[in-house]
Structure formats: structure tokens, C-alpha cells
Amino acid sequence: MKRNIVIAVVTAAALVGGGTATALAVAGDDDDTTSVTRTDDDRDDRAEDRSDDRNGDDDDGAVRAAAGGVTAAEAVTAALKHTPGTAVSAELDDGSWEVDVLAEGDTWHTVRIAPDSGKVLGAQKDDEDDAAEVRAALKGASVTAEDAAKAAAAKGTVVSVDLDDDGDDRGWEAETRASGGDERDWRVGLTTASVTADRDDD
């Protein structure tokens, strides 16, 4: 009596909707063949999801980075210590605080601050041409970006503060997020640091 011989052959590798399929053929003495096909689409999707999470694409990423770490106000202070000038915005983005500073000579700099330690991760000079508009908007202002961030912190975790220098309703815009990912936009005055809900906030 002949022994059964099992032959495994990889017969095809084809793209199936962006994934790969592998066919496995098993043959015995009676020439009956059974094929098993596995589609790797689900594995690829899970890898994409993990990559998105690592890149901070989930709604709570900014809150997790800021919770218990460096606040927006502290990031502004650290940035100005490194690059003296006027902080115009601070945003928690891609795992670090990015603070825009208008320095002497109307030169712009972006300073990156670590959200867990407050250390400067890097700084670069930017090509911006709106220095005159910013200085005009801040003329007579007594509330700085740091002050605005501190004031808005009473409403939640501040993940960005930015100067709105357009029109007559100039002021600081701040965004806060709750632990559940809910976002709220606020307006902070340039002279009184009063915080009100942004009328454009849905």
C-alpha cells in the first residue's frame, strides 16, 4: 500500500481589493484537491488603524498628550525663553507644541516644545509677511497668548490658542477638548482676558 503523499503548492498570489490572497492546494492518492484561500485585507486594515493611532489621528490624541503635561501657557513661556519676541499662536500638533513667535525685525519663528517635559525640540525661521497686521492687532493689547491660554484653561484642556487679527472683532481664539474628545471654541479679549463662547462654534 502506497503511503499518502501530501504536496503543498503555492499556486497564486493576487491582489484582491488591495489585499493579497494565497491559495493552498493539498493532493492525496485519489487526486481529490482542496483549496484554502486566505484574504489579508483585514490584517492590512488593522495595521492602518494602528498607524493612525500612533500618528495621533484619533480624536483624543491631543488631550492625552496635554493631560498632566505641559500646558499651552507653559509651552508659550518655554518658546519665548528660547526665542524672544511675541507669541502669536500655540498648537498641539503631531506630538509637540508648535509656537509661532514674531521676533525682532519682523522675523517669524516656529518653536517646537515637548508636551511632557517642556524642552525645546527645535526651531525654524518661517517666511511670513503679515507682521504689520499682527503688530497692528496687538497695539494696545494687554493680554498675551500665554494669558489667553491660562484664561481658556478654565473651560477645558487648551490644545490651541491663536490671534485673530481680522476685522473689528480682534482677539484670541482658543480651542479646548474634553476627555471624550468634544471640542469647544472660545474667544478671549485682548484687554480683559474675558472668555466667551465663539459665536461661530457649532
Side-chain angles (χ1 to χ4, degrees), residues 55-56 59 61-67 69-178 183-202:
N55 291 334
D59 290 338
V63 174
R64 285 200 300 271
V70 176
T71 66
E74 291 168 342
V76 169
T77 300
L80 292 178
K81 186 175 181 180
H82 179 272
T83 304
T86 302
V88 177
S89 70
E91 180 180 9
L92 191 58
D93 186 39
D94 292 334
S96 66
W97 284 104
E98 292 187 359
V99 182
D100 290 332
V101 177
L102 176 56
E104 295 293 331
D106 292 343
T107 57
W108 287 95
H109 301 267
T110 296
V111 184
R112 292 188 305 111
I113 304 296
D116 54 349
S117 65
K119 292 182 179 179
V120 175
L121 300 175
Q124 66 181 37
K125 188 174 178 180
D126 293 328
D127 295 325
E128 299 285 349
D129 58 2
D130 58 347
E133 291 87 344
V134 168
R135 293 200 186 280
L138 290 175
K139 186 176 182 179
S142 57
V143 178
T144 65
E146 180 182 6
D147 297 332
K150 287 179 179 178
K155 304 295 185 179
T157 301
V158 178
V159 294
S160 73
V161 60
D162 186 36
L163 176 66
D164 179 5
D165 60 359
D166 293 331
D168 296 328
D169 190 21
R170 297 171 178 173
W172 295 103
E173 295 179 338
E175 180 183 343
T176 61
R177 289 188 191 170
E183 301 177 2
R184 292 293 306 274
D185 293 325
W186 307 93
R187 299 280 299 183
V188 182
L190 289 174
T191 58
T192 64
S194 59
V195 181
T196 57
D198 193 328
R199 61 172 175 258
D200 295 327
D201 184 19
D202 296 331

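As the structure is a prediction and not an experimental result, all values here were calculated from the model.
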Engineer: I'd like to know if the side chain of Thr77 reaches the main chain of Ala73, judged simply by a donor and an acceptor atom lying under 3.5 Å from each other, with no hydrogens or angles considered.
Structural biologist: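 Yes: the side chain of Thr77 pairs with the backbone of Ala73.
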Engineer: Looking at every heavy atom in both Ala151 and Val188, which two are closest together, and how far apart are they?
Structural biologist: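 So the minimum-distance heavy-atom pair works out to CB-CG1, 4.4 Å.
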Engineer: Is there side-chain contact between Glu175 and Arg184, with at least one heavy-atom pair below 4.5 Å?
Structural biologist: no
Engineer: Side-chain contact, heavy-atom cut-off 4.5 Å: Val76 with Trp97?
Structural biologist: no
Engineer: Looking only at heavy atoms, which two atoms of Val143 and Thr192 are closest? And how far apart?
Structural biologist: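 Where Val143 meets Thr192 most closely, the heavy atoms are CG2-N, 3.8 Å.
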Engineer: Determine whether Trp108 and Val134 make a side-chain contact, defined as any pair of heavy atoms from C-beta on separated by less than 4.5 Å.
Structural biologist: yes
Engineer: Can you tell if the side chain of Thr176 reaches within under 4.5 Å of the side chain of Trp186, non-hydrogen atoms only?
Structural biologist: yes
Engineer: Any side-chain heavy atom of His109 sitting closer than 4.5 Å to one from Asp100?
Structural biologist: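 A side-chain contact under 4.5 Å is absent here.
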Engineer: Atom OG1 of Thr71 and atom CD of Glu146: how far apart are they, to the nearest 0.5 Å?
Structural biologist: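 If we round to the nearest 0.5 Å, Thr71:OG1 and Glu146:CD are 8.0 Å apart.
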Engineer: Are Val120 and Val111 close enough that some pair of their side-chain heavy atoms sits under 4.5 Å apart?
Structural biologist: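 Val120 reaches Val111 side chain to side chain.
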Engineer: Of all the heavy-atom pairs spanning Leu138 and Trp172, show the shortest one and how long it is.
Structural biologist: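 Heavy-atom minimum between the residues: CD2-CZ2, 4.0 Å.
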Engineer: Locate the shortest heavy-atom distance separating Val195 from Ala152; write the atom from each residue and the value.
Structural biologist: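 Where Val195 meets Ala152 most closely, the heavy atoms are CG2-N, 4.1 Å.
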Engineer: Taking side-chain contact (heavy atoms from CB on, under 4.5 Å) as the definition, give me every residue that meets it alongside Ala137, ordered by chain and number, with sequence neighbours left out.
Structural biologist: Leu163, Asp165, Arg170
Engineer: Could you give all pairs that pass the side-chain hydrogen bond (donor to acceptor under 3.5 Å, both in side chains) test and reach residues 136-145, with sequence neighbours left out?
Structural biologist: Thr144-Asp147
Engineer: Taking all non-hydrogen atoms of both residues into account, name the closest pair between Leu102 and Ala131 and its distance.
Structural biologist: CD1-CB, 3.8 Å
Engineer: Distance from Asp106 atom CG to Asp130 atom CG, nearest 0.5 Å?
Structural biologist: 10.0 Å
Engineer: Passes side-chain contact (heavy atoms from CB on, under 4.5 Å), Leu121 versus Ile113? Steps please.
Structural biologist: CA-CA 5 Å; Leu121 300 175; Ile113 304 296; over 6 Å; no
Engineer: Is it true that Arg112 and Glu98 have a side-chain N and a carboxylate O under 4.0 angstrom from each other?
Structural biologist: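 No, Arg112 and Glu98 are not salt-bridged.
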Engineer: Atom CD of Glu104 and atom OG1 of Thr86: how far apart are they, to the nearest 0.5 Å?
Structural biologist: 8.0 Å
Engineer: Salt bridge (charged side-chain N to carboxylate O under 4.0 Å, His left out) with Arg187: which residues, sequence neighbours excluded?
Structural biologist: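 Applying salt bridge (charged side-chain N to carboxylate O under 4.0 Å, His left out) to Arg187 gives Asp164, Asp169, Glu173.
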Engineer: Less than 4.5 Å apart, side chain to side chain, heavy atoms only: is that true for Ser117 and Val70?
Structural biologist: no
Engineer: Decide, yes or no, whether a salt bridge links Arg135 with Glu133 under the criterion of side-chain N to carboxylate O below 4.0 Å.
Structural biologist: no
Engineer: How many angstroms lie between NZ in Lys119 and OG in Ser96, if you round to the nearest 0.5 Å?
Structural biologist: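 Output value for this atom pair is 15.0 Å.
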Engineer: Determine the minimum heavy-atom distance between Ala87 and Ala145, stating which atoms define it.
Structural biologist: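 Minimum heavy-atom separation between Ala87 and Ala145: O-CB, 3.6 Å.
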